[in-house]
Amino acid sequence: MPMIQEILASSLRGALVALGVDPLPASIPVERSNRPELGDWSSSVALAAAKATGRKPRELADELVARMALDPPAYVAEMSVAGPGFVNFRLHDRWLHDVLTEVVEGGVDGYAAHDLGHGERVNVEFVSANPTGPLHVGAGRWAVYGDALCRILERCGYGVHREYYVNDRGVQMGLFAASLAAAKAGEPIPEDGYQGQYILDWAAEMPDGADPVVWAHQRVLADIGGALSSLGVEFDTWFSEQSMVESGAIDAALADLRASGLVDKRDGATWLRTTDLGLDKDEVLLKTGGEPTYFLGDIAYHRDKFTRGFTRLVDVWGADHHGHVARLKAGVGALGHDPDELEIVLGQLVTIMKAGQVVRMGKRSGTFVELAEVVDEVGPDVARLTFLLQSIDTRQTFDLDAVVSKSMDNPVFYVQYAHARIASIAKVAAERNVPRYPLEMVDLSELVHPRELDLLRSLGELPEVVADACRTRAPHKVATWVRELAGRFHGFYHDCYVMGEGVTHEQTQARLWLVEATRIGLAVGLGLLGVSAPDSM
RNA sequence: GCCCCUGUAGCUCAGCGGAUAGAGCGGCUGCCUUCUAAGCAGCGGGUCGCAGGUUCGAGUCCUGCCGGGGGCGCCA
């Protein structure tokens with residue numbers, strides 16, 4: 001909570017006590033006013049507290065204002081009552097000038113950083129697409145979302161570990177290798193096999209005598225890793241499902257489940273009685289042939305993550321895995337873990353449009369559009385911001401033609417252009433030998449233009465935006481904030497020259513620092529999104 | 001049938017229970033003799049899917065309906 005908010009809330013609380021309001025409201029709401037003509041901040045306490053005290057909201061608000069006027073809170077220039085009983089505070093511009101100082105003192109590394117996590121170790125698993133072919137564009141959403149979420153968690157004091165679960169075991173993997181082998185031998189692709197062009201391309205690459213299973217594994221992971229790298233996404237761990245067969249981790253998980261007394265054998269298969277855990281049906285752990293299911297593997301995998309010392313697991317899945325959520329949580333619970341320590345973020349799916357048509361994604365049919373292809377074409381920044389500007393809870397339509405051809409008016413350039421303009425100001429200042437004096441020597445009260453104050457208002461919101469984005473797992477909130485900050489900077493840039501004719505030395509100094517604070521804000525915001533902040537465009 | 005997400009401007013989307021619902025794109029119109037016009041400004045555009053409910057106050061919360069997407073495999 002910004003300091004100013006606490007100051008106002010505390011003053012309001014004092015006035016409520018002095019007026020004998022009892023019981024006090026549980027919290028004192030103080031919000032930024034969306035009515036600038038009425039004030040900078042406002043509180044609706046009077047509306048909430050009036051009923052309990054039997055007074056009219058406006059009367060109570062008037063009394064609060066009168067009381068607070070005896071000892072006005074810091075920064076407050078004027079208090080008034082408006083509407084149904086809002087207490088409005090108009091502040092001296094000094095509170096915004098102090099925001100500037102806070103931003104500069106915090107710097108790119110410290111401003112809007114928090115300690116919400118107290119160093120808690122969080123394992124974030126994302127993408128985890130089947131290693132049976134290249135990533136398709138839609139997977140880019142999980143990659144970029146997961147990575148941005150990790151960056152935000154890190155800034156909020158969590159120890160973050162990025163992880164990719166490689167489902168390199170099971171039916172699909174076998175089909176993939178068999179498809180490659182068949183293509184290499186010039187035989188038809190097996191029924192239910194993978195038909196994409198990449199199968200033919202990779203088969204041609206595969207050396208004679210290579211074990212298709214081993215080679216396919218290595219080839220596909222190199223491809224997936226490369227695509228993610230080009231998007232700026234790097235994982236700490238690529239966790240192999242197959243390795244758990246070899247290490248005995250799957251057997252160990254099964255043994256633990258058996259110890260829970262919830263395991264049955266029937267119809268030739270081994271089941272977990274998830275109905276006893278509140279689900280609609282039981283789930284198979286070992287298939288009739290004795291093969292572990294994906295479900296058992298995933299339980300073992302999450303057990304492993306806990307064993308490695310993570311106290312919070314975040315999985316980012318596409319909504320098409322919705323059906324797996326309840327049973328995995330139940331499975332984790334059966335092992336004695338608190339299911340709430342496993343948090344599953346379901347992202348809504350991406351629809352790809354090309355030439356006005358929906359492109360149906362199917363690795364087996366081979367009709368998908370590769371992520372790597374798109375990133376090559378538009379670059380990581382455009383790809384990232386396009387994914388990140390939208391809430392993960394809404395279905396996203398990724399129009400390839402629009403993203404590619406209109407890339408010149410993509411929001412990413414709008415934001416980056418603001419950063420480039422800042423760099424340009426610094427360059428020109430250097431050329432003209434305009435120094436920037438130490439902040440404590442500069443009179444920030446020169447900053448009075450609405451454009452300047454709006455810019456500072458946005459900068460002052462960043463800490464809350466970051467904390468909120470972290471708590472709600474919503475990186476898009478940072479993305480929309482960055483876009484707004486850039487917009488306000490462009491307005492400032494247009495109306496308020498930093499140097500030149502008609503600008504006093506004092507204004508130049510104050511504005512140079514305002515520009516520096518904006519640079520920090522942009523760098524922090526873009527950094528959290530993994531979008532570059534170029535010095536020239 | 002049950003579960004999850006969603007419905008806001010022509011389009012794509014924002015919008016901690018607060019006052020007169022915003023942005024970008026598209027359309028029309030202005031602004032480059034000072035730091036990058038990839039910019040700024042103005043105009044036009046809305047029964048926030050529908051109906052109830054809770055509340056001093058609902059785009060926001062609850063219920064029901066309608067529309068869209070996804071899920072309910074011994075696939076992963």
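Since we're looking at a predicted model, the values are computed, not measured. Just so it is clear: chains get the letters A, B, ... in the order the sequence lines come, proteins before strands, and each one is counted from 1. All values below come from the heavy atoms of this structure, side chains included, with hydrogens, waters and symmetry mates left out.
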TODO: Assess whether side chain to side chain donor-acceptor pair (under 3.5 Å) is satisfied between A/Q390 and A/Y145, documenting all intermediate values.
DONE: CA-CA 10 Å; A/Q390 197 170 330; A/Y145 170 87; over 6 Å; no

Task: From CA spacing to verdict: ring pair (Phe, Tyr, Trp, His ring centres under 6.0 Å), A/Y164, A/W238 - done: CA-CA 5 Å; A/Y164 189 118; A/W238 294 75; 4.5 Å; yes

Open item on the list: Could you write out RNA chain B as dot-bracket? Rules: Watson-Crick or G-U wobble, both distances under 3.5 Å, brackets [ ] for crossings, | for pairs with another strand, dot for unpaired.
Closed with: (((((((..((((....[...)))).(((((.......))))).....(((((..]....))))))))))))....

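Under 3.5 Å, the side chain of A/H490 and the base of B/C40 form no donor-acceptor pair of N or O atoms. Side-chain atoms of A/T293 stay outside donor-acceptor range of the base of B/C74, with no qualifying N/O pair under 3.5 Å.
Rounded to whole Å, the separation between the C1' atoms of B/A21 and B/A9 comes to 11 Å. With P as the reference atom, B/G7 and B/G49 are 7 Å apart, rounded to whole Å.
Taking only side-chain nitrogens and oxygens, A/H476 comes nearer than 4.0 Å to OP1 or OP2 of B/G15. Of the side-chain N and O atoms in A/R421, one or more sit less than 4.0 angstrom from OP1 or OP2 of B/A37. The shortest distance between the side-chain N/O atoms of A/K287 and the OP1/OP2 oxygens of B/G73 is not below 4.0 Å.
Each of A/R273, A/R266, A/K265 was checked for a salt bridge (Lys or Arg N to Asp or Glu O under 4.0 Å) with A/D282, and the lone residue meeting it is A/R266.
RNA chain B lies under 4.0 Å from at least one heavy atom of each of the following residues of residues 493-502 of chain A: A/Y493, A/H494, A/C496, A/Y497, A/V498, A/M499, A/G500, A/E501.
In this structure, CG in A/L528 is found 7.5 Å from CG in A/L462, a value given to the nearest 0.5 Å.
With hydrogens and angles disregarded, no donor-acceptor distance shorter than 3.5 Å links the side chain of A/N410 to the backbone of A/F413. Within the 3.5 Å criterion, the main-chain N or O of A/L455 finds no donor-acceptor partner in the side chain of A/S458.
In this structure, A/Y414 reaches the sugar-phosphate backbone alone: every heavy-atom distance under 4.0 Å involves primed, P, OP1 or OP2 atoms, never a base.
Between A/D495 and A/H449, the side chains place no donor N or O within less than 3.5 Å of an acceptor N or O (distance only, hydrogens not considered).
The aromatic ring centres of A/H419 and A/F489 sit 6.0 Å or more apart.
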